[in-house]
Amino acid sequence: MKKTALLSLFVICWVMPCLSQHYEQIINKSYKERVEDLGILYGNLLDLKDSATVIKEVEKIERLSSEKGDHELLLEMRMFRAYHHSTIVKDGNFAPAIAQLLQVAKEAEEKKVKHIQIRVYRVVAQLYWDHIKNYERAFEYYVLLEKELDKVSPDEYPDMAVDLLRVGLAYYFFQDYMKANSYFERAIAISETNFNTLAISSAKNTLGLYYQKIKDYDTSDGYFWQILDSPFQKSIELWEGIAKGGLGTNLYHRGNYSEAIPLLEFNYKKAEQVNDYGLAGGTMAILADIYLKQGNLALSKTYLDRAKAYIEKAGEPEKLQKLYPVISKWYTASHQQDSAGIYLDSALIALNQYNETFSALKMLRVEQRSNMQERALESAQFGLEKQKSISQRNILIGITLLIILGTLSYYLSQKKKQKIKDL
């Protein structure tokens, strides 16, 4: 879930030397036709860093859009302005940016520009998730997002696989695996394109990890092989090391160490190339255990030391709960029982810390849900009180009107009688 903020709007961004050359080619095209160019444009705008320069470029696009009558692109730029506002927040107050985004979503709904409405919900959900840490509100917007996804097709909305992946990852984070898998399966059922291939490979990888977790290694292998069979080179380049690492880990669990080693080595070397120290460290811990089982204590210790250093460098202490037991076994094999006991205790501490951290997150979400329900109840009660007050007011007005009409009727009746008497 640790992605750059830009991915909340687009998956692909390439830096181009000149922004202006892109403006003309995105005017008066459908979202499907200009989705990748918009990705390039957004990446280039945010790469400018200076807010004043960013807004100046946005204004150029808005003027051109207005001249050419491209009202959808004008709305797109309004969304970008609101999104850009969220990227420069310094005091943690994202409320103004979220309000701006939701106003754009409302206007997009009125004008039936579904792709902007959906993408706004995606961005708002990610703001609540990544920055505000209000997971329940994030899920609230994911539900709205999914509702709108049901109204469009993957052909007219190229981001569908991306959005399904995001929602699935949110449920996966909270270990609601069945719910998460349903989104991943929907994502990989979409036709793979150059635009969505990375999202589809990510969904396949997470499914592979889930089946690995429940020890269904054959099914897990199937998803990893699907990644390697992708027809898109950029997907292979990004996911090849990860998929081979998954296959190697499955072989390790089956006890096929000689076949697992080259795949795991490929995995950690790829991870090192992109500075993914957490992934490299986790794979090295598996390799250390393999060499320990094979009796090669020296090579095992080399991998253990590197794994520990990488995991600490990555700041991913949750991986220590799998590393420390291997270190403990290594010291046992080296007849250093005191050190073995220390690392066994460390393994238990790391496991407890992970469980406590995750439990705290779950409790936070429960508290957030409770607060939302309380606010909804207060709002409903306020609504009932307001309705009661309106009803009482209407009754009072009705009684007053009856009194006035009765008095007027009596006056007219008496006046008529007096006229008859006078006559």
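As a basis for the values below, the full set of heavy atoms in this structure was taken, side chains included, without hydrogen atoms, waters or symmetry mates.
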| task | Quick one: do Tyr268 and Leu287 satisfy side-chain contact (heavy atoms from CB on, under 4.5 Å)? Show the steps, please. | result | CA-CA 10 Å; Tyr268 86 73; Leu287 282 165; 3.6 Å; yes
| field | SB check Glu265 Lys244 (cutoff 4.0 Å) | value | no
| query | Which pair of heavy atoms, one from Thr197 and one from Ser235, lies closest together, and at what distance? | reply | OG1-CB, 3.1 Å
| query | For Lys151, does the NZ atom sit with more than 12 other heavy atoms under 6.0 Å from it, leaving out its own atoms? | reply | yes
| field | From CZ (Phe80) to CG (Leu73), nearest 0.5 Å | value | 12.0 Å
| query | Do Leu75 and His71 pass the side-chain contact (heavy atoms from CB on, under 4.5 Å) test, and can you show the C-alpha distance, the side-chain angles, and the key distance before you say yes or no? | reply | CA-CA 6 Å; Leu75 191 59; His71 302 296; over 6 Å; no
| field | Close side-chain approach of Leu48 to Asn44, heavy-atom, < 4.5 Å | value | no
| request: Using a strict 4.0 Å threshold on nitrogen-to-oxygen distance, state whether Asp50 and Lys56 make a salt bridge. | output: no
| So, Tyr183 versus Glu146: side-chain donor-acceptor pair below 3.5 Å or not? | yes
| query | Where the side chain of Gln321 meets the backbone of Glu318, is there a donor-acceptor pair that is under 3.5 Å apart? | reply | yes
| field | Evaluation steps, ring pair (Phe, Tyr, Trp, His ring centres under 6.0 Å), between Phe174 and Tyr135 | value | CA-CA 10 Å; Phe174 279 102; Tyr135 302 106; 5.5 Å; yes
| query | Is the closest basic N to carboxylate O distance between Arg122 and Asp159 below 4.0 Å? | reply | yes
| Any donor-acceptor pair under 3.5 Å linking the side chain of Asn134 with the backbone of Arg137? | yes
| task | Return the minimal non-hydrogen interatomic distance between Ala280 and Tyr310, and the atom names on each side. | result | CB-CD1, 3.8 Å
| For the residue pair Tyr343 and Trp330, is the inter-centroid distance of their aromatic rings smaller than 6.0 Å? | no
| Salt bridge Lys29-Glu72, side-chain N to carboxylate O under 4.0 Å | no
| Interatomic spacing from CG in Leu74 to CD1 in Ile61 - rounded to 0.5 Å | 10.5 Å
| What are the two closest non-hydrogen atoms of Val326 and Leu292, and how far apart are they? | O-CD2, 4.0 Å
| request: Please test Ser182 against Glu185 for side chain to side chain donor-acceptor pair (under 3.5 Å), starting from the C-alpha separation and ending with a verdict. | output: CA-CA 5 Å; Ser182 68; Glu185 293 289 358; over 6 Å; no
| Between the side chain of Lys215 and the main-chain N/O of Gln212, is any donor-acceptor distance below 3.5 Å? | no
| Asn205 side chain to Ala243 backbone, donor-acceptor under 3.5 Å | no
| query | Between Lys204 and Asp229, is the closest basic N to carboxylate O distance under 4.0 Å? | reply | no
| Using 30° and 60° as the class limits, which term best fits the ring planes of Phe139 and Tyr142: parallel, tilted or perpendicular? | perpendicular
| Tell me, do Phe173 and Trp129 make a side-chain contact under 4.5 Å, heavy atoms counted? | yes
| query | Are a donor atom and an acceptor atom from the side chains of Ser65 and Glu62 found within less than 3.5 Å of each other? | reply | no
| field | Counterpart residues, ring-ring contact (aromatic ring centres under 6.0 Å, His included), relative to His253 (two or more places apart) | value | Tyr217
| said: Whether the side chain of Asp276 engages the backbone of Ala271 through a donor-acceptor N/O pair (distance < 3.5 Å, no angle test) should be reported. | reply: no
| message | Checking side-chain polar atoms at under 3.5 Å, does Asp163 have a donor or acceptor matched by the opposite partner on Tyr157? | response | yes
| query | So, are Arg254 and Asp218 salt-bridged, with charged N and O less than 4.0 Å apart? | reply | yes
| query | Is it the case that Lys114 and Gln117 place a side-chain donor and acceptor less than 3.5 Å from each other? | reply | yes
| request: Compute whether any side-chain donor of one residue and acceptor of the other, for Tyr223 and Asp221, lie under 3.5 angstrom apart. | output: no
| Do Glu57 and Lys60 meet the salt-bridge criterion of a basic N to acidic O distance under 4.0 Å? | yes
| field | Test: Glu312 and Lys319 ion pair at under 4.0 Å | value | no
| task | State, yes or no, whether a side-chain contact exists between Leu297 and Ser334 at a heavy-atom distance under 4.5 Å. | result | yes
| Under a 4.5 Å cut-off applied to non-hydrogen side-chain atoms, are Arg306 and Thr302 in contact? | yes
| query | Asn196 and Glu192: side-chain contact (heavy atoms from CB on, under 4.5 Å), yes or no, with the steps? | reply | CA-CA 6 Å; Asn196 67 22; Glu192 192 169 353; 3.9 Å; yes
| task | Could you tell me which non-hydrogen atom of Gly248 sits nearest to which non-hydrogen atom of Leu264, and how far apart they are? | result | C-CD2, 3.9 Å
| request: Indicate the atoms forming the closest heavy-atom contact of Ile188 with Ala203, along with that distance. | output: CG2-CB, 3.7 Å
| said: Distance check, rounded to the nearest 0.5 Å: Asn181 atom CG versus Met178 atom CE? | reply: 5.0 Å
| query | Going from CD1 on Ile27 to CG on Leu64, what distance comes out if it is rounded to the nearest 0.5 angstrom? | reply | 4.0 Å
| message | What I'd like to find out is whether the side chain of Asn267 reaches to under 4.5 Å of the side chain of Leu263, using heavy atoms alone. | response | no
| request: Examine distances only and state if a side-chain atom of Ser339 and a backbone atom of Gln336 form a donor-acceptor pair shorter than 3.5 Å. | output: no
| task | Kindly compute the distance separating CG (Leu101) from NZ (Lys106), expressed to the nearest 0.5 Å. | result | 15.0 Å
| Thr206 side chain vs Ser202 backbone, donor-acceptor pair below 3.5 Å | yes
| Side-chain ion pair, Glu237 and Lys234, N-O less than 4.0 Å | no
| said: Could you check whether Asp289 and Tyr252, counting side-chain N and O atoms only, form a donor-acceptor pair closer than 3.5 Å? | reply: yes
| said: Test salt bridge (charged side-chain N to carboxylate O under 4.0 Å, His left out) on Arg119 and Glu148; report intermediate values, then the result. | reply: CA-CA 10 Å; Arg119 285 157 56 216; Glu148 297 307 318; over 6 Å; no
| query | Can you check whether Ile242 reaches Trp239 side chain to side chain, under 4.5 Å on heavy atoms? | reply | yes
| Within a strict 4.5 Å, meaning less than it, do heavy atoms of the Gln100 and Val104 side chains meet? | no
| field | Intermediate values then yes/no, side-chain contact (heavy atoms from CB on, under 4.5 Å), Met284 and Lys308 | value | CA-CA 9 Å; Met284 286 178 176; Lys308 189 170 184 294; over 6 Å; no
| request: Identify whether the distance between the nearest side-chain nitrogen and carboxylate oxygen of Glu272 and Lys269 falls below 4.0 Å. | output: no
| Short side-chain to backbone donor-acceptor contact, Ser230 and Gln226, under 3.5 Å | no
| Atom CG in Leu46, atom OH in Tyr42: separation rounded to 0.5 Å? | 9.0 Å
| task | Could you tell me whether the side chain of Ser220 and the main chain of Tyr211 form a donor-acceptor pair under 3.5 Å? | result | no
| field | Expected output: side-chain Ser201 to main-chain Leu198 donor-acceptor under 3.5 Å | value | no
| Heavy-atom pair with the smallest gap, counting every atom of Ala314 and Gly278 | CB-N, 3.4 Å
